[in-house]
Number of protein chains: 2
Amino acid sequence: MAASRKLPMNKHNLLPLLAQHVLAHGLGGASLRPLAKASGTSDRMLVYHFGTKEALIADLLGYLAGAYAAALDAAMGSERAATRGQALARILRHARSEAMRPFMQLWWEIVAGAARGLPGYAPAAHAMMADLLAWLEGQMPEGDPDPAGGARYLLTLIEGTLMLAAIGHADTAQAGLRAGLLAGGPAPS
Amino acid sequence: MAASRKLPMNKHNLLPLLAQHVLAHGLGGASLRPLAKASGTSDRMLVYHFGTKEALIADLLGYLAGAYAAALDAAMGSERAATRGQALARILRHARSEAMRPFMQLWWEIVAGAARGLPGYAPAAHAMMADLLAWLEGQMPEGDPDPAGGARYLLTLIEGTLMLAAIGHADTAQAGLRAGLLAGGPAPS
DNA sequence: AGCATCATGTAGCGATTGCTACAAGATCGT
DNA sequence: ACGATCTTGTAGCAATCGCTACATGATGCT
């Protein structure tokens with residue numbers, strides 16, 4: 001009679017399960033009944049706890065933004081890179097890893113929602129980028145002449161590369177990075 | 001008795017009207033009956049002509065890709081830029097213009113669909129990027145040492161900038177561009 | 001103990017979804 | 001003129017949508 005202790009069902013316990021579901025199935029098609037089943041409750045109770053589906057999504061996006069920041073710190077060390085190119089290569093390798101694919105698929109949905117002004121999307125997207133930017137600043141090489149600007153420059157390149165990769169232009173982005181970084185440092189692997 | 005001639009109702013005449021509707025209201029929420037009303041027909045006939053909603057969306061994405069290429073040629077001259085930075089500034093100014101906003105909102109939806117593997121999305125996204133890349137290659141300055149690589153580099157920067165702008169990080173991208181282009185040319189306006 | 005608040009299940013409502021069966025014009029080849 | 005094919009309207013179906021009314025158990029305060 002050890003295992004299944006009954007957890008209290010509240011937002012706090014629900015959100016990770018909801019997040020897992022949208023990571024697997026996307027935000028767009030997420031409707032109350034499937035979300036409820038995935039989190040072991042009923043649509044009735046989701047509305048009870050969150051008030052509205054719209055509010056649920058907003059809460060969920062906030063949770064995802066927090067989880068992203070935590071995962072970022074956990075997955076990647078915080079030692080500085082030796083060059084900008086190395087920092088770039090490091091983060092790209094992580095972002096394109098198998099483990100990150102569900103998140104990347106979700107990410108572009110969040111971007112689309114933010115671009116269209118859906119409630120809750122823009123703040124979450126903004127927060128995640130701010131976290132990534134902060135982490136990038138800490139990654140900038142020791143003697144970098146402009147760490148703040150460099151991090152922003154790298155962020156722009158990273159997001160452009162990831163978008164091109166998402167639509168099947170990974171080779172284009174890779175060629176672009178090689179061509180663009182020849183002046184400033186070694187090309188990323 | 002001049003004006004309203006009855007056009008034959010087929011894919012060819014329907015697609016522009018459908019495109020106008022998804023530009024205004026998005027792809028995600030697009031359902032047959034609203035699409036039908038927007039194009040002056042019935043859901044019944046949309047299914048008759050396209051076979052399936054999925055096929056309709058795929059056709060529509062193909063049409064949009066073609067329309068994008070045409071609009072790109074029409075809206076922007078084909079004279080070369082003087083510097084890479086100027087080419088970058090030129091295309092960014094266009095992409096962020098008021099007229100392009102509906103398209104940019106739609107664009108991120110297409111990217112999200114492509115990332116998730118929805119049928120028809122990836123080919124359309126890929127085609128639009130190929131068109132933009134080709135146009136960019138023609139824009140590269142006269143004596144550029146590596147026009148092909150440079151165009152790919154600029155494309156990566158452009159898409160990163162546009163994504164950051166879409167989620168409210170336009171300033172971050174702008175700072176990044178300034179920091180990144182100091183070595184290679186003047187910062188874009 | 002009794003009462004009040006919280007938590008949850010059951011059932012359902014009206015709207016919308018993609019799609020289809022059926023029938024009736026419309027058009028056209030012969 | 002006649003039959004065949006193309007085009008279109010009407011009506012509806014089963015599924016799903018977000019959400020709610022109602023009732024009932026659980027919990028906790030006094």
Quiz item: What distance separates A/Y68 OH from A/I110 CD1, expressed to the nearest 0.5 Å?
Solution: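 So the OH of A/Y68 and the CD1 of A/I110 are separated by 10.5 Å.
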Quiz prompt | Value rounded to 0.5 Å, distance of CD in B/E137 from CG in B/L132 | solution =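 So the CD of B/E137 and the CG of B/L132 are separated by 10.5 Å.
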Please write out each protein N/O paired with an N/O of nucleotides 15-22 of chain D under 3.5 Å, distance rounded to 0.1 Å.
{"unit_1": "D/dC17", "atom_1": "OP1", "unit_2": "A/S31", "atom_2": "OG", "d": "2.1"}
{"unit_1": "D/dG18", "atom_1": "OP1", "unit_2": "A/K53", "atom_2": "NZ", "d": "2.9"}
{"unit_1": "D/dG18", "atom_1": "OP2", "unit_2": "A/L32", "atom_2": "N", "d": "2.8"}
{"unit_1": "D/dG18", "atom_1": "N7", "unit_2": "A/R33", "atom_2": "NH2", "d": "2.6"}
{"unit_1": "D/dG18", "atom_1": "O6", "unit_2": "A/R33", "atom_2": "NH2", "d": "3.0"}
{"unit_1": "D/dC19", "atom_1": "OP2", "unit_2": "A/K53", "atom_2": "N", "d": "2.8"}
{"unit_1": "D/dC19", "atom_1": "N4", "unit_2": "A/D43", "atom_2": "OD2", "d": "2.6"}
{"unit_1": "D/dA21", "atom_1": "N6", "unit_2": "A/R44", "atom_2": "NE", "d": "3.3"}

Quiz item: Parallel, tilted or perpendicular for A/Y153 and B/Y153, by the 30°/60° rule?
Solution: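 A/Y153 vs B/Y153 ring planes: perpendicular.
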Practice problem: Please say whether more than 12 non-hydrogen atoms of neighbouring residues, nucleotides or ligands are located less than 6.0 Å from NE2 in B/H94. | Solution: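 Check passes, neighbour count above 12.
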Exercise. Give a yes or no on this: more than 12 heavy atoms of other residues, nucleotides or ligands lie within 6.0 Å of atom CZ of A/R101.
Key: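 No, not enclosed.
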Quiz item: Base, sugar-phosphate, or nothing: which does A/S42 touch, judged by heavy atoms less than 4.0 Å apart?
Solution: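 Sugar-phosphate contact only.
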Whole-Å distance between [N] [atom2] and [X] [atom1]?
X: B/M45; N: C/dT20; atom1: CE; atom2: P; value: 15 Å
X: B/K37; N: C/dG18; atom1: NZ; atom2: C1'; value: 17 Å
X: A/M9; N: D/dA26; atom1: CE; atom2: P; value: 15 Å
X: A/F50; N: C/dA7; atom1: CZ; atom2: P; value: 13 Å
X: A/K11; N: C/dA7; atom1: NZ; atom2: P; value: 13 Å
X: B/Y48; N: C/dG25; atom1: OH; atom2: C1'; value: 13 Å
X: B/L35; N: C/dC19; atom1: CG; atom2: C1'; value: 15 Å

Quiz item: Under 4.0 Å between a side-chain N or O of B/H49 and OP1 or OP2 of D/dT8?
Solution: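 Affirmative; the distance criterion is met.
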Using residues 26-43 of chain B as the side-chain source, report each donor-acceptor pair under 3.5 Å to any protein atom, sequence neighbours left out, with the distance given to one decimal.
{"unit_1": "B/S39", "atom_1": "OG", "unit_2": "B/L35", "atom_2": "O", "d": "2.8"}
{"unit_1": "B/S39", "atom_1": "OG", "unit_2": "B/A36", "atom_2": "O", "d": "3.3"}
{"unit_1": "B/S42", "atom_1": "OG", "unit_2": "B/M45", "atom_2": "N", "d": "3.3"}

